[in-house]
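The figures that follow rest on heavy atoms only: side chains count, while hydrogens, waters and symmetry mates do not.
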Amino acid sequence: MTHLFFALAFIFFQADPDAAGAPAPPSGSAIWEMLQNSGPVAFAVLGLLLIASLYSWAIILGKWGAFKRARTQSARFLRAFRKATRLQEIAAVSEQFKPSPLVNVFDEVYETYKRQTGGYGPPKNITALERAAQTASSESLTVLEERLTWLATIGAISPFIGLFGTIMGIVNAFHGLGTAGAATLRAVAPGVSEALITTAAGLIVAVPAVVAYNQFTARCREFGARMDDFSRELLNSMEEFTVAANEDPLERQAARGLHK
């Protein structure tokens, strides 16, 4: 495809030397002129790419805000959890940190713990608590990953949509050559402009979507690791210490920390 562009450019400038020596118009007016010279196929391709770009940026901005809130609230929730002396204290204020995926893990584990013990004493079935933590982590990751596949899809297909416009532009360029009967810039300019502008538009749409998808996927893996670490920390606080039947696990853990 690159060799074809160079060959066409060589033919155009050889056939129309005045055009080759003419001063280039400003970049803004050149782009506007290319848009004016584009045909219905190019406009359809550009319209589709515009819709894809707007949707991808809506996802990017929404996810960026969601991940930022989740990270901030997770740090606050961990500080509150480690300072608390009773599980009931965390359960009472967990709604304040709701954007954090760690809150969902804590709520599921705590609800399972209350069903087993009524809220006091050692857990009766630690395996059930582990399953509750895993389920909550999976649900939270599903929420975090929501709509990310659209970014991957847009990043993958946008260059091909632009390539379709490129191919149609080259077809129009050759058709213009055949109709005019001579290799002049005026005959092929509309087709070449379609080819160039749709190719650029496809790349402009694809690059931000791919970059954002990779960044958000890495953050999802980071939150998955954080939830696993928090689950182990929470379950250890319930399992490691011998507590009385009417005693909260965190309360005994805090008391042992003071005696050390």
Would you name the heavy atoms of L151 and S56 that are closest together and state the gap between them?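 Between these two residues, the closest heavy atoms are CD2-O, 3.7 Å.
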
Where do A52 and I154 come nearest, in terms of heavy atoms and distance?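 Heavy-atom minimum between the residues: O-CD1, 3.5 Å.
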
Within one Ile-Leu-Val-Met-Phe-Trp-Tyr cluster: [X] and [Y], side-chain cutoff 4.5 Å:
| X | Y | value |
| --- | --- | --- |
| I197 | L54 | no |
| L203 | I161 | no |
| V45 | V207 | no |
| W57 | V210 | no |
| I60 | I51 | no |

Side-chain heavy atoms of [X] within contact of [Y], under 4.5 Å:
| X | Y | value |
| --- | --- | --- |
| L234 | S237 | yes |
| Y110 | D107 | no |
| L50 | L46 | no |
| C220 | L148 | yes |
| L163 | T199 | no |
| V93 | E89 | no |
| Q73 | Q96 | no |
| V103 | S100 | yes |

Starting at [atom1] of [X], measure out to [atom2] of [Y] and round the result to the nearest 0.5 Å.
| X | Y | atom1 | atom2 | result |
| --- | --- | --- | --- | --- |
| N104 | F97 | CG | CZ | 15.5 Å |
| T198 | L48 | OG1 | CG | 12.0 Å |
| F77 | F106 | CZ | CZ | 5.5 Å |
| I126 | L235 | CD1 | CG | 5.0 Å |
| R221 | E145 | CZ | CD | 10.0 Å |
| E233 | D228 | CD | CG | 13.0 Å |

Does a side chain donor of either T72 or R69 reach within less than 3.5 Å of an acceptor in the other side chain?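 Absent: no donor and acceptor within the cut-off.
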
Lys/Arg-Asp/Glu bridge criterion (N-O < 4.0 Å) met for D229, R232: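 Counted as a salt bridge, because a side-chain N and a carboxylate O are separated by less than 4.0 Å.
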
Using a strict threshold of under 4.0 Å (side-chain N to carboxylate O), is an ion pair present between K63 and E146?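 Between K63 and E146 there is no salt bridge, as every charged N stays at least 4.0 Å from the carboxylate O atoms.
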
Mark yes or no for whether [X], through its side chain, and [Y], through its backbone, hold a donor-acceptor pair below 3.5 Å.
| X | Y | answer |
| --- | --- | --- |
| S74 | A70 | yes |
| Q116 | K124 | yes |
| S140 | S137 | no |
| T117 | P123 | no |
| S53 | L49 | no |
| S94 | A91 | yes |

Using side chain to side chain contact (heavy atoms under 4.5 Å, CB included), reason through L141 and M227 one step at a time and then give a plain yes or no. CA-CA 9 Å; L141 276 179; M227 284 187 285; 3.6 Å; yes

Ring geometry between F216 and F67 (parallel below 30°, tilted from 30 to 60°, perpendicular above 60°):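 F67 vs F216 ring planes: parallel.
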
Any chance NZ of K68 has more than 12 other-residue heavy atoms, nucleotides or ligands included, within less than 6.0 Å?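 Check fails, neighbour count at 12 or below.
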
Here's one to test your reading of the geometry: is the NZ or CZ of R226 within 45 degrees of the ring axis of F223 and under 6.0 Å from its centre?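 Ring-cation test returns yes.
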
